[in-house]
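A, B, ... follow the sequence lines: proteins, then strands. Residue 1 opens every chain. Computation of the quantities below employed the complete heavy-atom set of this structure, encompassing side-chain atoms and omitting hydrogens, waters and symmetry-equivalent molecules.
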Amino acid sequence: MISGGRSLVSSLPAFSNDAKKLLICHGNTVSIFSTSTGLQITELEGHKALVTSVIVVPASTPASKILCYCWTASLDGTIRYWDFSVPELMKMIDIQLPIFSMVIPSLFSQSMERDEKTPDLFAYVSIGANKQDKQPNTSRGQIRKCNLTKSCLAGGVTLAETQEPEFITICPFGKYFGIRDKRKLRIWHVPEKDSERIEIKKMRLHHTKTLTILAFHPTKRIVAAGDVTGRILVWRGFGNRAFSLSNRLKNGRLMTYEDERPGVRGDDDADSCTTWHWHSSEVKLLLFSSDGAYLYSGGKEGVLVIWQLDTGKKKFLPRIGSPLLFFINSPDPSLSSISCADNQIHLMKMPSMEILKSIAGIKLPCSVPEICKNSFSGFVFDCAAGLVAVCAENYCIQFYSLFDDREISQVQICERNHQPGDELTVIVTLVALSLDGCVMSTVETRLPEEGIGGLVSLKFWMCGSQIKDFSLSTIIYEPHRESGVSAIAFHPTRRMSVSTSYGGDFKIWVGNQDIQQKDKMLQKTRWTCHAVGSYKKKPMTAAAFSADGSVLAVAAETVITLWDPEMNVLVAVIGDSLEPIGSLSFVGKSEYIVSTSRGSNPQVSVWSMSKLSITWSYKLHAEAVTCTQDGSSFAVLARLPESSEAAEAKETMLQSKDGAILLFKVGDPVPVATWFVKKSWGGGLAFLHMNPAAMEEMISDENPASLLAYVNSDHEYILFDPYGAQACERGVGRRHSLGGFQETGQFGYSSIYVELPEFDLKKNQTLPITFTPSERPWETIFSGPSHTLPPLTKLCSSFLESLLEKRTAAVE
Amino acid sequence: MAEDHQIIAKNFPVKPKLKPTSTKSTSAESKYWKSFKPQPIQTLIASITSLSFSPAPPHDFAAAHSATVTIFSSQTLEPKSTISSFADTATSASFRSDGRLLAAGSHSGIVQVFDVKSRTPLRHLRRHSRPVHLVRYPRIDKLHLFSGGDDAVVRFWDVASETQILEFTGHKDYVRSGDCSPASDDLFVTGSYDHTIRLWDVRVSSGGSMMEVNHGKPVEDVIFLPSGGLIATAGGDSVKIWDVIGGGKLLYSMESHNKTVTALCVGKIGKESGDEAQQNRILSVSLDGYMKVLDYAKFKITHSMRFPSPLLSVGFSPDCLTRIIGTSNGKIYAGKRKTKENVGAEVGNIAGLGPINEPPKRALRPSYFRYFHRGQNEKASEGDYLVMRPKKVKLAEHDKLLKKFRHKEALVSALRGKNPENVVAVMEELVARKKLLRCVSNLETEELGLLLGFLQRYATMPRYAGLLMKLAKKVVEMRAEDVRSDDVLKGHIRNLKRSVEEEIRIQQSLQEIQGIISPLLRIAGRR
């Protein structure tokens with residue numbers, strides 16, 4: 001069983017101490033990515049629910065930078081302590097309440113003074129109320145203190161109660177932490193010596209609008225907060241009264257200068273408050289740079305604004321392409337990361353604001369206006385390669401590998417500039433992939449403005465190589481006059497496809513290859529219309545080719561028409577369903593067709609081609625149908641009926657599960673297997689057929705490789721073997737494509753200037769001058785520069801010595 | 001890394017819709033055949049029954065029409081001389097291998113041999129009792145020729161003595177065509193209206209044919225292909241290729257002409273490389289006005305060309321520079337290909353005039369102006385590593401304005417730009433931003449005039465009509481009051497009205513045509 005597609009940007013990521021790794025909360029795990037390659041190195045598995053915060057234990061000395069410890073907190077109510085280099089779980093604290101946010105202030109301040117006996121480590125956690133005592137009126141979020149050393153919640157200390165669990169922001173040196181609470185900030189001062197029952201000083205700052213985020217200055221007593229209207233407020237010198245250690249007299253003196261505090265509201269404890277306004281909508285991201293000179297802010301516009309703190313001057317990093325969520329600095333000043341709402345994390349080179357690497361998760365579903373909602377759910381599967389092609393909001397199609405859980409490539413479908421937050425007027429309404437995955441066709445619709453200028457265009461894309469780099473082959477403007485395209489189906493073996501329209505006709509397109517021989521071989525495929533067909537001018541709603549490609553089934557509203565695609569001849573017409581048919585598919589090589597229809601009388605029907613009649617049907621609202629390619633079974637993703645009494649009784653059992661996957665054998669109306677799933681509305685289902693070579697190393701057993709992939713409405717997916725044991729355990733491991741190697745990158749000083757040469761002190765000592773004994777030493781003895789000559793006393797003796805005649809004959 | 005960077009920096013300019021690419025593939029070959037530019041040539045009186053090129057340079061050609069044979073220069077395509085000593089209609093002019101003698105038949109049954117220069121008839125070969133339609137000199141042999149006529153007899157002559165050497169009988173109907181083998185001067189084929197093609201050998205005196213193939217239709221023309229092993233025959237609306245060595249096996253039948261194929265000849269692609277079969281093509285002309293080029297190595301038609309009148313004869317010069325086609329109404333379509341060799345030769349001459357003595361290079365000193373420009377135009381040499389500057393994206397004026405969200409200015413700047421594609425592209429972009437109608441309502445009077453002028457010119461063009469028609473309607477609705485108050489705009493509206501009326505007329509006539517055609521199509525579909 002493989003699951004994936006979870007959000008990378010659910011909560012704040014964290015850099016490791018050497019800035020070579022980025023720890024990202026990734027569903028139930030924490031994934032560790034290399035910052036130099038942008039690939040996943042490893043992951044920390046253990047939490048049973050969404051991980052909400054990850055805190056890397058900071059290094060107090062340069063030597064301990066290689067230490068890789070982190071704390072994680074999760075909605076499953078546990079706090080865990082990991083060594084993430086190994087990776088290994090070192091400690092687990094169970095507090096049994098879902099944790100939405102956690103800060104550990106003492107990690108940052110503790111390093112300053114080192115006692116022999118380390119004091120207890122305290123964390124401040126934002127927890128949600130237990131599900132058992134669900135009372136609507138009481139506040140659901142609490143800020144509690146937790147003793148990590150003794151692994152228990154500090155008894156009786158509840159710092160605050162909020163309506164919803166809030167995100168706790170901590171100041172970089174660990175002295176203050178705070179939350180936003182509607183129209184005010186609540187800031188606490190962490191005592192120097194933290195213990196279980198010490199009193200924690202607190203204060204509040206007020207504003208007239210609902211605040212969204214706050215940030216603390218790294219060195220000074222400055223706090224910034226953003227609100228829903230896009231204003232940024234910067235309070236300087238907050239908490240002089242409340243947090244000062246000196247006596248009350250001093251405070252009293254400060255009070256006298258009250259009228260000199262510009263911008264500060266009422267009785268708030270701050271020296272001044274300035275307001276900056278650039279963002280047009282709510283501020284989502286706010287952070288001070290590590291040196292405290294700049295403030296970064298971002299929001300829905302997808303523009304990172306860099307404010308110079310002293311002057312309020314702005315710089316911009318525009319065109320990031322999606323709303324910004326988080327921004328974090330790394331210990332390396334030249335690296336930072338920015339998390340975008342389209343499930344992407346960019347690593348940025350800092351002063352120049354260049355994007356070095358992008359870590360991309362699966363794209364989130366985009367919101368489609370109601371006018372052009374059809375049965376297309378926003379993604380298609382490439383069954384052969386195990387990929388899913390997802391339509392993103394910025395007119396791209398992302399190819400995402402289900403096995404590797406990472407992005408393969410992106411194809412720009414429509415050359416338009418996308419601004420996050422713009423109203424969508426050009427929509428990719430349909431995507432289809434051929435069975436071998438090397439032809440893609442897309443339909444994009446430009447919505448008309450008061451009836452002017454609407455356009456439907458059908459595009460065919462050809463894949464160059466295995467990496468899914470599609471290039472545009474043919475554009476067809478208005479393929480079915482002005483009516484929209486309802487479905488596209490590809491011939492299983494040939495270069496042929498069919499597009500059906502609501503306007504009452506379908507067209508068969510054929511790709512002709514023409515090889516032009518000029519200076520180089522130029523191979524191009526041109527798609528041209530091969531045939532046009534219609535049936536009683538009824539809207540054509542779905543189409544499918546049979547497994548051998550000899551029969552084309554086109555749904556004409558409520559009936560299924562069977563055509564010979566080559567000759568374009570109507571062969572047969574099958575039956576009548578109650579509602580317009582939404583999708584059609586042939587069940588493998590068998591003679592059955594499965595059709596689904598929605599509306600007030602939803603139906604899943606199996607039709608027999610030999611008898612030209614219905615075999616069996618269910619009243620089910622099917623989201624998706626998939627058939628095995630060779631076998632005779634198919635799976636249906638069905639919505640559970642909302643208000644039926646039976647479901648209500650089961651509600652406690654099913655919890656929030658609103659859909660079911662039913663696996664059928666084709667002749668038998670009793671499902672073989674059933675699974676209940678969550679968030680099935682707008683989900684998808686597919687059998688993945690893998691080539692045996694690719695699966696060889698992963699599969700231990702012999703049965704044919706066929707996995708069922710289920711993608712829910714949030715684009716989280718799961719792959720499992722539908723025929724396997726109920727536990728779905730199978731020898732299919734994730735293909736770990738670890739970005740194993742890590743560069744020994746330089747950072748800080750050495751990344752700007754090169755590594756300083758190491759001075760070898762020993763080398764500096766002058767080498768003793770060697771004398772070369774020659775036959776006539778008096779000729780060489782005084783040659784050379786005077787500063788290298790040995791002292792005269794030495795020379796003299798050797799000179800005199802050389803004058804003496806050497807007695808070669810040895811005296812015996 | 002560069003790719004990631006692009007995600008942020010990407011900025012798409014508005015682009016007009018793509019135009020459909022023509023389905024006709026303009027391959028290198030059809031480009032070659034199109035390069036024979038037709039040149040005007042004097043119209044002759046009667047239909048041109050035969051065209052033949054002189055084998056010797058400068059490859060003049062002779063056209064037989066009515067009772068004359070006209071010799072044209074292939075350089076100037078002007079008539080050089082006319083031979084008119086025929087008693088009846090002249091047929092089938094044929095040059096001797098050295099190009100000095102010309103033989104021609106006539107409807108009177110006499111074959112005459114002329115000196116090309118003096119135009120005097122040198123010999124008269126009288127034996128045929130009916131009109132002669134075939135006279136051919138062998139490829140190398142200068143002493144003999146053969147002829148065939150409507151008396152169904154093929155005769156082999158010794159020209160000098162004016163005597164008939166051999167008489168081949170076997171055809172049962174008019175002999176209208178023939179060719180001698182390029183491999184041997186003793187072999188030739190003739191085609192007849194009795195549907196057969198017969199191969200003769202002059203060394204066999206028995207008078208019987210060596211081989212006989214049946215084309216199935218009266219044979220209009222027959223040629224040997226350059227290898228000598230294949231023959232191509234034309235009869236009815238088909239061209240057939242036969243293997244002579246293989247005992248007369250039918251290799252291929254081309255049936256893409258709609259009417260009788262009247263003549264064939266061998267054309268050559270002027271390529272130096274490649275073996276013979278790759279270079280040679282069969283050119284066939286037909287009464288349907290088409291000339292088709294058949295690649296007989298691949299058995300594929302590589303080019304086809306239409307002429308306005310029925311075609312009767314075709315010729316292709318041995319130097320591959322001239323192609324002539326004769327029609328039934330006396331016109332000759334002569335095409336000459338431009339050669340680049342002449343140009344090359346001229347350049348060579350200029351270079352060959354002698355070494356151009358270059359002025360001695362002066363050493364650059366700071367007192368010269370050029371000193372300060374030295375090295376600025378230096379080009380990178382082969383092995384240098386180039387540090388590329390990122391390419392600057394050039395944006396058009398309207399793109400820049402669109403980027404700044406100044407929509408009305410963008411529209412006006414595109415309208416001033418005179419390129420209708422850009423205007424429509426900007427309009428489409430504005431539709432996508434839902435700003436087009438606001439732009440229209442904001443236009444000044446002068447700018448509105450610009451827009452109305454554009455609409456009047458392009459609203460009825462099918463490419464833009466879908467958007468512009470609706471827009472025109474909306475503009476008139478929205479700005480009615482402004483139009484009423486301004487005379488210039490009133491003029492624009494009048495023009496617009498006129499062009500719309502014209503379009504309606506066109507549409508009506510098209511619908512009439514559709515009404516005529518659709519029953520025909522329905523009937524054709526049923527069959």
Side-chain angles (χ1 to χ4, degrees), chain A residues 38 302 304 317-322 340 344 346-349 352-360 394-396 409-410 412 414-419 422-427 446-455 457 472 474-478 481-482 512 514-518 524 526 528, chain B residues 1-29 31 395 399 402-403 405 424-441 462-475 477-478 525:
Chain A
L304 185 69
L317 177 64
R319 294 185 189 284
I320 298 176
S322 68
C340 300
Q344 234 177 355
H346 300 293
L347 293 167
M348 281 205 299
K349 193 173 167 185
S352 57
M353 310 290 270
E354 275 173 40
I355 288 196
L356 294 174
K357 286 274 177 261
S358 291
I359 299 165
N394 55 349
Y395 317 112
C396 279
S409 68
Q410 278 199 20
Q412 182 86 35
C414 154
E415 297 206 328
R416 288 205 70 228
N417 304 317
H418 172 70
Q419 220 58 40
D422 273 4
E423 190 186 352
L424 277 185
T425 52
V426 179
I427 306 146
R446 188 173 64 217
L447 300 179
E449 181 193 3
E450 294 186 31
I452 298 178
L455 181 74
S457 45
L472 186 60
T474 309
I475 306 181
I476 298 139
Y477 298 111
E478 304 197 328
R481 299 237 175 76
E482 271 154 30
N512 332 346
D514 50 63
I515 300 158
Q516 285 180 338
Q517 221 164 9
K518 277 181 189 166
K524 273 177 83 178
R526 182 181 291 137
T528 48
Chain B
M1 191 177 101
E3 176 186 289
D4 287 339
H5 194 64
Q6 272 182 0
I7 291 172
I8 280 189
K10 217 176 251 181
N11 184 24
F12 299 109
V14 296
K15 272 186 199 156
K17 277 188 195 172
L18 297 178
K19 282 179 183 165
T21 49
S22 70
T23 46
K24 274 179 201 161
S25 62
T26 49
S27 65
E29 183 158 339
K31 209 181 262 174
L395 289 178
D399 274 324
L402 280 176
K403 225 174 131 185
F405 305 99
V424 175
V426 169
M427 283 177 178
E428 284 174 346
E429 173 65 26
L430 290 176
V431 166
R433 297 185 183 189
K434 296 207 187 251
K435 292 286 185 293
L436 181 60
L437 293 185
R438 181 171 295 178
C439 280
V440 169
S441 64
R463 238 172 94 76
Y464 314 121
L467 172 66
L468 294 187
M469 278 293 191
K470 286 178 186 165
L471 179 66
K473 198 173 158 219
K474 214 70 177 187
V475 169
E477 274 172 21
M478 286 167 71

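- In terms of non-hydrogen atom pairs under 4.5 Å with chain A, the most contact-rich of B/Lys474, B/Lys470, B/Lys17, B/Glu429 is B/Lys17.
- Heavy atoms only, all atoms of each residue included: A/Ile355 and A/His346 are closest at CD1-CG, 3.5 Å.
- Comparing A/Thr425, A/Leu455, A/Thr474 by heavy-atom pairs within less than 4.5 Å of chain B, the highest count is held by A/Thr425.
- Of the two parts of B/Leu468, neither the backbone nor the side chain holds a non-hydrogen atom closer than 4.5 Å to a non-hydrogen atom of chain A.
- Between the side chain of B/Tyr464 and the backbone N or O of B/Met469 there is no donor-acceptor pair closer than 3.5 Å.
- By the side-chain hydrogen bond (donor to acceptor under 3.5 Å, both in side chains) test, A/Tyr395 is found to be paired with A/Arg416, residues two or more places apart in sequence or in another chain being considered.
- A/Ile452 touches chain B through backbone and side chain together, each having a heavy atom under 4.5 Å away.
- With a 6.0 Å radius and a threshold of 12 heavy atoms from other residues, nucleotides or ligands, B/Lys434 has its NZ atom above the threshold.
- Neither the backbone nor the side chain of B/Lys473 comes within contact range of chain A; no heavy atom of the residue lies under 4.5 Å from a heavy atom of that chain.
- A heavy-atom distance below 4.5 Å is not found between the side chains of B/Glu428 and B/Val14.
- Contact between B/Arg433 and B/Leu402 at its shortest, heavy atoms only, is NH1-O, 3.0 Å.
- Heavy atoms closer than 4.5 Å to chain B are found nowhere in A/Ile476, neither backbone nor side chain.
- Contact count against chain A (heavy-atom pairs under 4.5 Å) is highest for B/Leu437 among B/Leu471, B/Leu467, B/Leu437, B/Leu430.
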